[in-house]
Amino acid sequence: VIGKAANVPPQPEQSGAGGDQIPGHVAIIMDGNGRWAKARGLPRAAGHRQGAEAARKVIRAAGEAGVQCLTLYAFSSENWRRPETEISDLMGLLRFYIGAELNSLHKEGIRLVILGDHKAFPADVAKMVDGAVARTAANSRMTLAIALNYGSRAELVNAARRLAERAKADEIAPADINDAAIEAELDTAGLPPLDLVIRTSGEHRLSNFLLWQAAYAELLFVDRLWPDFDGDALREALSEYAGRERRFGGR
Ligand code: FPP
């Protein structure tokens, strides 16, 4: 995985729980681009374009609020089932977005990492993504994780396979496989523990997104469609999070 950080096992008790009101790691399922466009009689591509604009605003707002890591679900492994024209629109948008935004992300000290397998994308897009990851690798103000061709079950299957290979090679014993060992094999290894998952557009599902990582995360479902989401909407979500009491299974 490109941009995978060092294998530091996440420490849930270090974030959220101890009176820290700003979530260390926020993940967003950016849903509703199609409905936003449909409501305006526009093509779906227009919804995705407006969605990319919303992402730009939310990335800035998250950095300003002091969120350490923001994860955006931009393309799921199930999105390949969409019509070819929509997939190619999304690839075009990714090209455009990286081209237009990379400089300012870099200037703002944002480190880009990728979750999922973007190698399956058109070669030029994959190369642009790799270049953006490499260029921003030393930045430390905020980490922006973009999930591209990501699916949580595939991530867990890959982790299980790698651990099985290591056990077979006698590098580890089956008894060594614990939470930390699994976490170290996930695409999110080294990222802060996930505190808050936001899904827009009124759907109440995780849709194969960060299933392991969301074990103790707060879930927030908002009705607003993603293209209408912005800095104020993020700040509202953060304030809702600050009002929740997290117990991590304790009491
Ligand atoms: C869900 O809306 C959105 C997507 C499948 C794509 C998300 C992509 C972007 C917001 C743009 C790219 C962003 C970055 C950061 C480069 P939908 O099409 O499923 O909407 P619907 O449920 O209303 O049809």
Side-chain angles (χ1 to χ4, degrees), residues 2-3 26-63 67 69-106 108 110-116 118 120-122 124-133 136 142-152 197-210 221-231 233-234:
I2 295 295
V26 178
I28 307 183
I29 301 174
M30 308 182 288
D31 196 8
N33 295 349
R35 276 162 284 171
W36 184 92
K38 192 170 181 199
R40 286 161 180 76
L42 296 171
R44 294 180 62 85
H48 293 317
R49 266 200 304 278
Q50 197 60 35
E53 185 55 27
R56 203 180 58 79
K57 292 179 195 158
V58 168
I59 293 164
R60 297 297 165 304
V67 170
C69 179
L70 176 69
T71 297
L72 299 178
Y73 205 2
F75 194 92
S76 81
S77 39
E78 287 73 34
N79 285 153
W80 295 113
R81 292 187 206 135
R82 295 191 177 202
E84 225 170 283
T85 50
E86 182 171 357
I87 292 173
S88 104
D89 284 342
L90 282 166
M91 295 302 146
L93 189 58
L94 215 52
R95 274 186 202 100
F96 174 78
Y97 190 86
I98 296 173
E101 282 298 302
L102 180 59
N103 275 337
S104 48
L105 290 175
H106 186 51
E108 287 168 44
I110 294 172
R111 176 178 73 130
L112 180 70
V113 302
I114 302 299
L115 313 182
H118 69 289
F121 282 8
D124 70 305
V125 177
K127 202 172 153 200
M128 265 184 114
V129 168
D130 289 343
V133 167
T136 61
M142 183 176 88
T143 297
L144 172 63
I146 300 193
L148 295 175
N149 192 22
Y150 172 85
S152 192
V197 178
I198 302 170
R199 182 172 189 147
T200 60
S201 91
E203 310 286 350
H204 297 186
R205 286 189 293 278
L206 286 179
S207 298
N208 203 18
F209 187 50
L210 303 177
F221 300 101
V222 300
D223 287 335
R224 202 186 289 225
L225 303 174
W226 176 251
D228 291 326
F229 210 83
D230 57 12
L234 181 78

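In each ligand, atom 1 is the first atom listed, and ligand 1 is the first ligand listed. Note that this is a predicted model, so its numbers are computed, not measured.
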Discussion item. Give me the nearest non-hydrogen protein atom to atom 9 (C) of ligand 1 as residue plus atom name, then the distance to 0.1 Å.
Written reply: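 Atom 9 (C) of ligand 1 sits closest to the protein heavy atom N33 ND2, 3.8 Å.
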
Discussion item. What protein heavy atom lies closest to atom 20 (O) of ligand 1? Include the residue and the distance to one decimal.
Written reply: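 The closest heavy atom on the protein side is G34 N, 2.9 Å.
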
Discussion item. I'd like to check whether W36 has a polar contact with ligand 1, where a contact means an N/O of the residue lying under 3.5 Å from an N/O of the ligand.
Written reply: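 Min N/O separation from ligand 1 is not below 3.5 Å for W36.
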
Worksheet entry | Sidechain N-carboxylate O distance under 4.0 Å for D31, R199 |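 Yes, this pair counts.
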
As an exercise, identify every atom of ligand 1 less than 4.0 angstrom from a heavy atom of [X].
| X | answer |
| --- | --- |
| A74 | 6 (C), 7 (C), 8 (C) |
| G51 | 10 (C) |
| A55 | 15 (C) |
| Y97 | 16 (C) |
| W226 | 10 (C) |
| R35 | 21 (P), 22 (O), 23 (O) |
| L93 | 11 (C) |

Worksheet entry | R44, M30, R49, E53: member with heavy atom nearest to atom 24 (O) of ligand 1 |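 Residue with the shortest heavy-atom distance to the ligand atom: R44.
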
Worksheet item: Relative to atom 16 (C) of ligand 1, which among L94, L148, I59, L90 owns the nearest non-hydrogen atom?
Response: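 Nearest option to atom 16 (C) of ligand 1, by heavy atoms: L94.
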
Worksheet item: Mind checking whether R82 has a heavy atom under 4.0 Å from ligand 1?
Response: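 Yes, R82 has heavy atoms under 4.0 Å from ligand 1.
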
Worksheet item: Does ligand 1 have any atom sitting under 4.0 Å from a heavy atom of K38?
Response: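 Contact check K38 vs ligand 1: negative.
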
Can a donor-acceptor pair be found, under 3.5 Å and without considering hydrogens, that links the side chain of [X] to the backbone of [Y]?
| X | Y | answer |
| --- | --- | --- |
| R56 | A52 | no |
| N208 | S152 | yes |
| W226 | T200 | no |
| R35 | S201 | yes |

Discussion item. Just so I know, are the side chains of I110 and L70 near enough to count as touching, which here means a heavy-atom distance under 4.5 Å?
Written reply: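 No; the side chains remain at least 4.5 Å from each other.
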
Worksheet item: Do the non-hydrogen side-chain atoms of R60 and L105 ever get within less than 4.5 Å of each other?
Response: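 Side-chain contact under 4.5 Å: yes.
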
Worksheet entry | Pair T136-R111, side-chain donor/acceptor within less than 3.5 Å |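 No, R111 and T136 have no side-chain donor paired with an acceptor closer than 3.5 Å.
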
Worksheet item: Which one of W80, Y150, F209 satisfies the ring-ring contact (aromatic ring centres under 6.0 Å, His included) criterion with F75?
Response: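 With F75 as partner, W80, Y150, F209 yield a single ring-ring contact (aromatic ring centres under 6.0 Å, His included), made by W80.
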
